[in-house]
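Take a look at the structure set out below.
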Amino acid sequence: MLRTHTCGELRAEHAGSTVTLCGWIQNRRDHGGLCFLDVRDRYGVTQVVVEPDADAAARGEAQRARLEWVVRVSGTVRARPAGSRNEDRATGAVEVVADAFDVLNAAEPVPVAVTGAERSSEDLELKYRYLMFRRAELRDALLRRARVNHAVREHMVSRGFCEVETPSLLKSTPEGARDFVVPSRVHPGQFYALLQSPQLLKQLLMIGGMDRYWQIVRCFRDEDLRGDRQPEFTQLDVEMSFGAESDVQDVAESLVHRLLREVAGADVPRPFPHVSWADAMSRYGSDKPDLRFGLEIADVTEIAARSAFAVFRDVVAAGGVVRAIAVPAKHAMTRKDLDALPAVVVDRGLKGVAWTKIASPDWTGPAGKHFAPELRETLRSALGAEEGGTILFVAGPKEQAVPASGDVRLHLGNLFGLRDPKVFAPVWIDRFPLFDWNADENRWDSAHHPFTAPVEEDIPLLDSDPGKVRAKAYDLAMNGLEILGGSIRIHDPALQRKVFTLIGLSDEQVEARFSWFVEALRYGTPPHGGFAMGMDRIVAVLGGTSAIRDVIAFPKTTSATDLMTGAPSPVEERQLRELGIRLA
RNA sequence: GGGGGCGUAGCUCAAUUGGUUAGAGUACCGGACUGUCGAUCCGGUGGUUGCGGGUUCGAGUCCCGUCGCCCUCGCCA
C-alpha cells in the first residue's frame, strides 16, 4: 500500500511514529511559513502541518496543492500543542509533521459542494454522484447499508435460511405494476419483463421443498416515483414452509430488532405492538402509522351530526364522516398554524379543517359555537380533550376524510417536532382486507396480491361477502414508512382458483398468465408464507431519512432518468433492427 | 396525466413598484502572513439571469410556451 495508516486512525498514542497517509485535500490554511492541510479519506480527516524548515520540495508541493487534489504525505505523528487540539475530530489530538509531500493527482475545481454545511442543488449532486461519495452523509449511508446487508446475511443464515438467486428476466404478467420490458433478439417481437418481485419464484422454491429461502434482490417497477420509490429498488425476500403468521413475523421482527440495535443503536422493546388494519385507519388515518407520537384520531360523526354546524350536518347527511384530533394544551396552536391546515387536506379534495379552542367561558373558533353546552361535554369526554387545548375536525366522504385526517396528524407531528429521527416506533399492521372493491371495473381487486391466504374463519365469506374477508397479511411500519410486508400464501389449488375468479380472472386468463404456477400448486404444496423488506427504506429510516435516494449509490430522478449517464437514451438503428423493433 | 415550488458567476445566494455597468460569500488566479482548523489580509479573472417567444422607452423582475429538478394527488397486486 502507498500508505501506512488511514486518515481516521491516528491518536495520541501514535505520537512519535513515522507514518504515510494518502487522501484528498479537504482544506488548507496557508500561513506562509507554516501550512496546515486537512487530508481526508473514507475513514476520516487528519491534519498535516508543513513547517518552515521542511524539505523545500515538500513545501513547494504543499503550497501548490488545492482542494480535492490527491496527495501522499509522509512524516512524524506529533501530539498537538495544548490549546490547539480539535475536539470535533477523532484525530484532533495529533497532527502529521510532513517530511515528504507528493501530489498524486491534481484536480479541477469540483462542480459541487463536497465539504461543509452548504449543499449543492439535487440535480447537480445526482450528475456528480461520485463526488458526493466524498461527503460524510452519503459515505456514511453507504457504510450503514453495508452493515445492514451484513447483519441480514448473518441473521438469515443463522436461522437456517438458504440463499437462492432467481432470474431478473422473466415472463410479463399484466397485473400489478407496469413492467419494464426487455426485447428478445432471438425471438423478434417477443419480450421479457424485468422482475417486479420474486413472489411466485419463491413459492415454487417452497413447493420444491427448499423449506427456508432468502435473497437480497433487485426489483423493477415502471411506475411514477416518489422520495421513497425508485424504478429499481432492493428487497430482502424471504419465504418459509410450515410456519404460521407468528413464525414468519418472528423472523422479521428479530431481524429488524437486531438492525435497530446494531446499526441505529436503538433498543426497542419486543414484541413490537400489533394494530389491525381497521384500527390503524381509524386511529391514525394510515396503514403505515407513525407511532412516535400520539395525537390519535377519533370518529365524532355521531356527535357532529347533532351539532348546529351546517358543514358537518351536510357531510353526515351525504354519508360522510367527521374525524377529530384533540390537541393538548401544551401544543399551543397559533392562528397561523390553524390557517396552514387547509393546505394539508386540499390534496384530498377537502375544503378545510374546522377547529375550536376549548377556552372558558366560551369555545372559540369556527366550529365551537355550533355545539350546544351538553354536546360540548359529550365531545370533550369522547376525545379526552383538555381545557386550553384545540380540537381539529376533518369532515368529508370516508375515502377522503380518513386519509386526510392522517395527513393532518402527520402535519401536527412535524409542527410540534414529535418526529425525532433518533426514535424508532415499529408496529405490525395486520388483518388487512383480502380485497378492495374496484368500482371502475365492477369487480374485486386483491388488496395485497392474489396469492395471499384468507383468515380461515372468513373463508365462507368468499361466497357471501368478499369485502369482509380478512387476509393473513401483515406489514411492519416504522416511523410512517412501510418497511416490510408479507403474508401466508394460498397452498390449495381450489382456493387459489376461487380467488382468481373473484378478482375477475377467467380460467383462460389464469391459464395464459399463471399456468406454470397454478400447475405447480397441484404437486404437493406445503403451507408457506414469507415477507419482503424494502432494503432502501430500512437503511433510510435507520439513518433518519425517508428519501431512499439518500441511501442508493446511483439513484434516478423522479422522472426515472439517470443524470450522471444520461439514461434512458435512444439506441442505434442497428440495435433496433436486430431486435425487430421499429419506432412509431 | 393533474396540482404546487424552484431555476441568476464553477458552487451557495442577493438584486426595492419593471429603471444606471446584475452584486456578495466561496472556489479559482496573483500577492502577504509561524499555530490554523469556515484561517486572516490585499488584488484579480469569472454572467446567453434554464431555453424560446411576447408586452414595454426599458425585463433577472410581468405574460405565454418549453425543459430540468423536488414535493404532492392519481398510480405503485
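Letters go in sequence order (proteins before strands), and every chain restarts at 1.
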Of the nucleotides [options], which one has an atom closest to the side chain of [X]?
X: A:Arg226; options: B:C73, B:C37, B:C71; value: B:C73
X: A:Ser84; options: B:G10, B:C37, B:C70; value: B:C37
X: A:Thr558; options: B:C71, B:G74, B:U36; value: B:C71
X: A:Asp123; options: B:G35, B:C75, B:G68; value: B:G68
X: A:Leu563; options: B:C37, B:C11, B:C69; value: B:C69
X: A:Arg89; options: B:C37, B:G74, B:G35; value: B:C37

**Message:** Taking pairing as Watson-Crick or G-U wobble with both contacts under 3.5 Å, can you name the mate of B:C41, or confirm there isn't one?
**Reply:**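 By the stated definition (distances under 3.5 Å), B:G31 pairs with B:C41.
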
**Asked** Listed by chain and number, what are the side-chain contact (heavy atoms from CB on, under 4.5 Å) partners of A:Arg218, not counting sequence neighbours?
**Response**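 Result, side-chain contact (heavy atoms from CB on, under 4.5 Å) vs A:Arg218: A:Phe220, A:Glu232, A:Thr234.
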
**Request:** Please determine if a side-chain N or O atom of A:Ser121 lies less than 4.0 Å away from the OP1 or OP2 oxygen of B:U12.
**Result:**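 Indeed, a polar side-chain atom of A:Ser121 lies that close.
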
**Message:** So, OP1 or OP2 of B:C75: does either fall under 4.0 Å of a side-chain N or O from A:Arg178?
**Reply:**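 No, A:Arg178 has no side-chain N/O under 4.0 Å of OP1/OP2 on B:C75.
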
**Message:** Suppose we call a contact any N or O donor and acceptor under 3.5 Å apart; does that hold for the side chain of A:Arg549 and the base of B:C70?
**Reply:**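 In this structure, the two groups form no donor-acceptor pair.
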
**Prompt:** Should the pair A:Trp428 and A:Tyr474 be assigned to parallel (<30°), tilted (30 to 60°) or perpendicular (>60°) ring geometry?
**Reply:**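 Answer is perpendicular, since the angle exceeds 60°.
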
**Message:** For the P atoms, the ones on B:C41 and on B:G46, what distance do you get once it is rounded to whole angstrom?
**Reply:**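 It comes out at 24 Å once rounded to the nearest Å.
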
**Prompt:** What does nucleotides 22-34 of chain B look like as a protein-contact string, B for base, S for sugar-phosphate only, - for none, at under 4.0 angstrom between heavy atoms?
**Reply:** -----SSS---BB

